[in-house]
S.K.: 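Got a structure for you, questions after.
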There are 2 protein chains.
Amino acid sequence: MATATAAQRRRKAREEYDAFIAACPSRQLLDRLADKWVSLILVALADGEQRYSEIARTIAGVSQKMLTQTLRNLERDGILIRSITPAVPVRVSYRLTPLGESLLPVVRAVKYWAEEHMPEVQVARRRYDARH
Amino acid sequence: MATATAAQRRRKAREEYDAFIAACPSRQLLDRLADKWVSLILVALADGEQRYSEIARTIAGVSQKMLTQTLRNLERDGILIRSITPAVPVRVSYRLTPLGESLLPVVRAVKYWAEEHMPEVQVARRRYDARH
DNA sequence: CCGTATCCTCCTCGATACTG
DNA sequence: CAGTATCGAGGAGGATACGG
């Protein structure tokens, strides 16, 4: 059964890779995911292929440099695919790979959590600041 | 019904807070969560209260400065509680708040994803590097 | 044991200017 | 449109030393 095998492979991977260990490659991957822009890009691509300029418009405040850089990193990691349509002007689109699709719910949960619990955090901050 | 009310509050919060908008407070919260150490600290506290030195030992490679700084931020955000037992030497413990408990599964999922999918990412990187 | 304070370095990130 | 190249400021974050 292919699915079970894949699940077993992932379990095995988690035994071998421990992000608590500084030198572990998965720690570097965790650092990569712990990025300002990664979750926003992933969520922006949730509904399918998007052009470079569309992503830029969705994610307010991202600089051209950071957007390009983060997209390249995610492409290198196999999380998204960059495709070029030769035309004038050229058209570049990005879409999630299956690997990226598997990451999407995870990072989307982080974005949602931040949006949902912001009020509680703001209350906690005011309480803390009042006492310190 | 208290639970339903809380759920409604969160839904409302998600309508009002949109992390795609740079100025939105939830975007700052997302940036806070997008931190090298946050998920590791949260997961380290998953099984309950831990002393400062225990956390430091669990998370290999974290400097005293960053650990203290991140713990302070998380305390201010109401995600964990710091408690001091006056003794000689002093004993300082950290544990998750209910808010922190609600965040735990989310960030743990990120850590797990990184550990599980590291092999695929490494393959993707080798493929990418071979072609560029 | 659990910090705080200081210094110093690197590297992230934004701004700007330029190309196919 | 979708980049690349370069520069420069600022902050992240480590090392070290010291304090309650």
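Residue numbers start from 1 in every chain, and the chains themselves are labelled A, B, ... in the order their sequence lines are given, proteins ahead of strands. All figures in this text were calculated on a predicted structure; none of them were measured in a lab.
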S.K.: Considering non-hydrogen atoms only, spot the tightest contact between A:Ala44 and A:Gln50 and give its length.
M.R.: O-CG, 3.7 Å
S.K.: Please identify each residue that fulfils side chain to side chain contact (heavy atoms under 4.5 Å, CB included) with B:Asp31, with sequence neighbours left out.
M.R.: A:Lys36, B:Arg27
S.K.: Using a cut-off of 4.0 Å between protein heavy atoms and nucleotide atoms, how would you tag nucleotides 3-16 of chain C 5' to 3' with B, S and -?
M.R.: BB--B-----BBB-
S.K.: Once side chain to side chain contact (heavy atoms under 4.5 Å, CB included) is applied, do any residues pair with B:Arg95, and if so which ones, sequence neighbours excluded?
M.R.: B:Glu49, B:Ile81
S.K.: Could you report the tightest heavy-atom contact between A:Thr58 and B:Phe20, atom names first, then the distance?
M.R.: O-CB, 3.6 Å
S.K.: In whole angstrom, give the distance that lies between atom CD1 of A:Ile84 and atom P of D:dT4.
M.R.: 10 Å
S.K.: Applying side chain to side chain donor-acceptor pair (under 3.5 Å), can you list everything that pairs with A:Arg125, at least two apart in sequence or on another chain?
M.R.: B:Asp77
S.K.: Considering just the side-chain nitrogens and oxygens of B:Arg51, establish if one lies under 4.0 Å of OP1 or OP2 belonging to C:dC2.
M.R.: yes
S.K.: Check B:Ala114 against A:Leu29 and note the closest heavy-atom contact, atom names and distance.
M.R.: O-CD2, 3.4 Å
S.K.: What residues form a side chain to side chain contact (heavy atoms under 4.5 Å, CB included) with B:Arg126, not counting sequence neighbours?
M.R.: B:Gln122, B:Val123
S.K.: Can you give me the bend angle of the helix from C:dC1-D:dG20 to C:dG20-D:dC1? Use the axis through the first five pairs and the one through the last five, nearest 10 degrees.
M.R.: 50°
S.K.: Say whether, by atom type as modelled, one donor and one acceptor occur between the side chain of B:Glu115 and the main chain of A:Ser26 under 3.5 angstrom.
M.R.: no
S.K.: Send over the distance from B:His132 NE2 to D:dG3 C1', rounded to a whole Å.
M.R.: 14 Å
S.K.: Rounded to whole Å, please give me the gap between CD in A:Gln50 and P in D:dA2.
M.R.: 11 Å
